[in-house]
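Written out below as structure tokens is the structure these notes cover.
Here the structure is a predicted model, which is why all the values come from computation and not from measurement.
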Amino acid sequence: MNRHYIIGILFAALALVACSDDDPKPTTWEIGDPTTTDYPEDYYAGGLLGTTAENSSTAFKQPSKAVETAGMMTAFNEGEYLFEKDYNTNTEGAFHGLGPVYVRRGCLYCHPGYGHGARQTDYKADTHRNGYLLVIYDKTTNAYIRSVAGMPQTGAVKPFKAPIDENQIKIDWKGYTDEWGNCFPDGETYELIYPEVTIPYTAYYAPVVVARGGADVTLSETQYNNEVGVLLESTIGIYGTGLTDAIPDDSITAQWLSESKFFNSIGRTDALNPAMWDQASNTWKSYYTNALQGDGTKYVRRYTYALSRGPILDAAGANAIWNITNVNRSDRRYHYLDLAGTYYATQSSKDPEVQAGFTEYINRIDPAKAHSEWHTGDLEKDIYAYLTSKSLDAEMTDAQYKNLMIWHRGLAVPAARNTTTEDFRKGKQLFSQIGCAACHRPSWQTGDDHIQDPAKFFKADSDMPRYPHQKIWPYTDFVQHRLWMKNDIRTGWCRTTPLWGRGLAGRTGSGTERLHDCRARNVMEAIMWHGCKNEGGTSDAYQTVVKFRNLSKQERDQVIYFIESI
């Protein structure tokens, strides 16, 4: 090919890029007409304010109409930028402040394509699509161990050392055969697998400590091997989370109350997590509160598998941008370390190798010696003071944090696909008939959507995009249930995960696997894991799986088609 012709093509391409940058494609919200039969109601998964028609590789990344309506597109784009880039050890710049220890360098490692993490065969913090968090707990109490963080860290900035040596973590995938021999009555077969995770005693930097009887107890290696369990939990998609935040607390309470009354009527007095809900009195046992940054106001729990969080502005995303990277901000001017707050700091302060590199490190972090308590010359004392400090300089600005949360709350959910097909219609009908919709409740109505922030950082409705009075289709009841799976989730109680949009995971680069630890490689396996029955108990969805098994091959495929389409 002629060299001048090649150069001409390159200049043309650059011109196109330049034109694209100068004159960006306008955002449009023409996603259909809900009054016509071509677009049935449940096509609008996120309602008219929160649905995007985009179903390509960027389907999970789209801003909602509420973002544009509020005039927040610039803030949304800046928030997205903060989400997508790695943080580093610089002392200034938009992405400085990583460490001293961390879970990941950035958000995309855990949320590829803004969706679910992908199944892994080993644990590496810097592996893209590794959405796993380690769950290290005391088998005696089911509580997290005290000597590592609730989200345990395997990364560190020199001279500090990782709380857990990830090179010693081992993930083994085991085969599982259910009571039906992994076979349907018509002869179709399937495979089931689950993970076993081991972390040897030698992988821990600080002594292993658990809480027993109101006191901290240091475990020997033998005790650790017998009494500490390790599990995996993967991230879920973050798109559409702002829409579920707009559901009133009263509505979620009404769902718990309805299920509580039903289970009580059939004699199932242990059907709801007693740590969360009192079935005897049909009332909440536990609320989410934040008395550290907020005023302790009580909110209904709605986020994470363990229902550990309330409103989105103090939920997983607001927490993760701080504790995953250990980049602090004005309302969290301290490091995310072990649960007790002292074991990692004590071990580090006495470590000769950490001491040898600390002076150079702290002079780079605090060159003006504004924190005199970190520069006394007593290295053990200085290291401990730095790691346990409650007055660190903010590394993320308030404006950056606000933009990140505008982006987080402003993500739309993709419209349902194939809604006018017979297979969708039949699959939807069967989904309800066999009982899937009992837990995966199809639709909810948002309320006035006044902003709630337990940390009291955000106060005005105008701070965030909002979704008042929208009918949305997340397919979850926000209640915890038990499936009694082999090597199950910690405590056995797991919040029903929303199903919307998941059928696009393959297109977006997200993990296509399902369930809390990515053990289900497809929808079929996910359904069959709902049918466990063992010496521990019987899955809450067992009878639904029995009904699914007895469907014809075509009907089972239609249920799966529907789930992949919503």
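- A donor and an acceptor atom, one from each side chain of Ser260 and Asn282, are located under 3.5 Å apart.
- Two residues are said to be in side-chain contact when any heavy atoms from C-beta on lie closer than 4.5 Å; Ile560 and Phe431 fail this criterion.
- If you take CD on Gln470 and CD1 on Ile247, they are separated by 12.0 Å, rounding to the nearest 0.5 Å.
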request  = List the steps, then state whether side chain to side chain contact (heavy atoms under 4.5 Å, CB included) holds for Trp180 with Val545.
outcome  = CA-CA 11 Å; Trp180 302 292; Val545 174; 4.0 Å; yes
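- The CD1 atom of Ile406 sits 13.5 Å away from the CD atom of Glu80 when rounded to the nearest 0.5 Å.
- A donor atom on one side chain and an acceptor atom on the other are not found under 3.5 Å apart for Gln62 and Thr52.
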request  = Show the numbers, then the answer: is there a side chain to side chain contact (heavy atoms under 4.5 Å, CB included) between Lys65 and Leu48?
outcome  = CA-CA 8 Å; Lys65 185 175 182 179; Leu48 295 179; over 6 Å; no
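- Looking at Arg309 and Asn319, their side chains do bring a donor and an acceptor atom within 3.5 Å of each other.
- Here the side chains of Tyr109 and Asn130 are not in contact, with every heavy-atom distance at 4.5 Å or above.
- Using a 3.5 Å distance cut-off with no hydrogens or angles, the side chains of Thr283 and Asp278 do not pair a donor with an acceptor.
- Rounding to the nearest 0.5 angstrom, the gap separating the NZ atom in Lys471 from the OG1 atom in Thr446 is 12.0 Å.
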key: side-chain hydrogen bond (donor to acceptor under 3.5 Å, both in side chains) between Tyr305 and Asp517, intermediate numbers included   = CA-CA 11 Å; Tyr305 299 119; Asp517 54 11; over 6 Å; no
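- Neither side chain, Tyr475 nor Arg441, offers a donor N or O lying under 3.5 Å from an acceptor on the other.
- A donor-acceptor contact shorter than 3.5 Å is absent between the side chain of Glu259 and the backbone of Trp256.
- Around NZ of Lys486, the count of heavy atoms belonging to other residues, nucleotides or ligands within 6.0 Å does not exceed 12.
- No side-chain donor from either of Trp444 and Ser251 sits under 3.5 Å from a side-chain acceptor of the other.
- With hydrogens and angles disregarded, a donor-acceptor distance shorter than 3.5 Å links the side chain of Thr476 to the backbone of Phe478.
- Geometric assessment of Arg519 against the ring of Trp173 yields a negative cation-pi assignment under the 6.0 Å and 45° thresholds.
- Residue Phe83 forms a ring pair (Phe, Tyr, Trp, His ring centres under 6.0 Å) with just one option from Tyr401, Tyr114, Phe76, and that option is Tyr114.
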message = Before you tell me yes or no, could you show the steps for Ser539 and Arg482 under side-chain hydrogen bond (donor to acceptor under 3.5 Å, both in side chains), namely the whole-Å CA-CA distance, both residues' side-chain angles and the distance that decides it to 0.1 Å?
response = CA-CA 6 Å; Ser539 167; Arg482 289 179 292 187; over 6 Å; no
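- Annotation: side chain of Asp122 is not in contact with side chain of Ile169 (no heavy-atom distance under 4.5 Å).
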request  = Check the pair Lys174, Asn487 against side chain to side chain contact (heavy atoms under 4.5 Å, CB included), reporting the backbone distance first and the verdict last.
outcome  = CA-CA 10 Å; Lys174 307 288 188 179; Asn487 235 24; over 6 Å; no
ask   = Run the side chain to side chain contact (heavy atoms under 4.5 Å, CB included) check on Thr244 and Thr241 step by step: do they pass?
value = CA-CA 5 Å; Thr244 56; Thr241 316; 4.1 Å; yes
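- The shortest side-chain heavy-atom distance between Asn264 and Thr269 falls under the 4.5 Å cut-off.
- Judged purely by distance below 3.5 Å, without hydrogens or angles, the side chains of Gln558 and Asp423 pair a donor atom with an acceptor atom.
- Ring pair His530/His440 is tilted by interplanar angle, where 30° to 60° counts as tilted.
- With 3.5 Å as the limit, one finds a donor-acceptor pair spanning the side chains of Thr297 and Asp295.
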key: side-chain hydrogen bond (donor to acceptor under 3.5 Å, both in side chains) between Gln293 and Asn290, worked out   = CA-CA 6 Å; Gln293 286 91 25; Asn290 183 338; 3.0 Å; yes
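- Put simply, the side chain of Leu257 reaches to within 4.5 Å of the side chain of Trp277, judged on heavy atoms.
- Between Met276 atom CE and Trp493 atom CH2 the span is 10.5 Å, to the nearest 0.5 Å.
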inquiry  = Please determine whether ring pair (Phe, Tyr, Trp, His ring centres under 6.0 Å) holds for the pair Tyr137 and Tyr144, giving the CA-CA distance in whole Å, both sets of side-chain angles, and the decisive distance to 0.1 Å.
reply    = CA-CA 4 Å; Tyr137 67 103; Tyr144 295 116; 8.2 Å; no
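- In this structure, CD1 in Ile252 is found 3.5 Å from CZ in Arg302, a value given to the nearest 0.5 Å.
- By the 4.5 Å heavy-atom criterion applied to side chains, Gln445 and Ile472 are not counted as neighbours.
- Counted by atom type alone, Glu54 and Ser56 present one or more donor-acceptor pairs between their side chains at under 3.5 Å.
- At least one side-chain heavy atom of Trp529 sits under 4.5 Å from a side-chain heavy atom of Leu192.
- Both the sub-6.0 Å distance and the 45° axial angle are not jointly satisfied by Arg502 relative to the ring of Trp500.
- Between the side chains of Tyr303 and Ser308, no donor-acceptor pair is found at a separation under 3.5 Å.
- Taking the centre and axis of the six-membered ring of Tyr542, the NZ or CZ atom of Lys533 falls inside the cone set by 45° and 6.0 Å.
- At a cut-off of 3.5 Å, with distance as the only test, no side-chain donor of Asp249 or Tyr287 sits close to an acceptor on the other residue.
- Atom NE2 of His128 is separated from atom CZ of Arg104 by 12.0 Å, given to the nearest 0.5 angstrom.
- Counted by atom type alone, Asn273 and His481 present zero donor-acceptor pairs between their side chains at under 3.5 Å.
- For the residue pair Asp314 / Tyr299, no side-chain donor-acceptor distance below 3.5 Å is found, with atom types taken as modelled.
- Both tests hold for Arg556 against Phe184: distance to the six-membered ring centre under 6.0 Å, angle to the ring axis within 45°.
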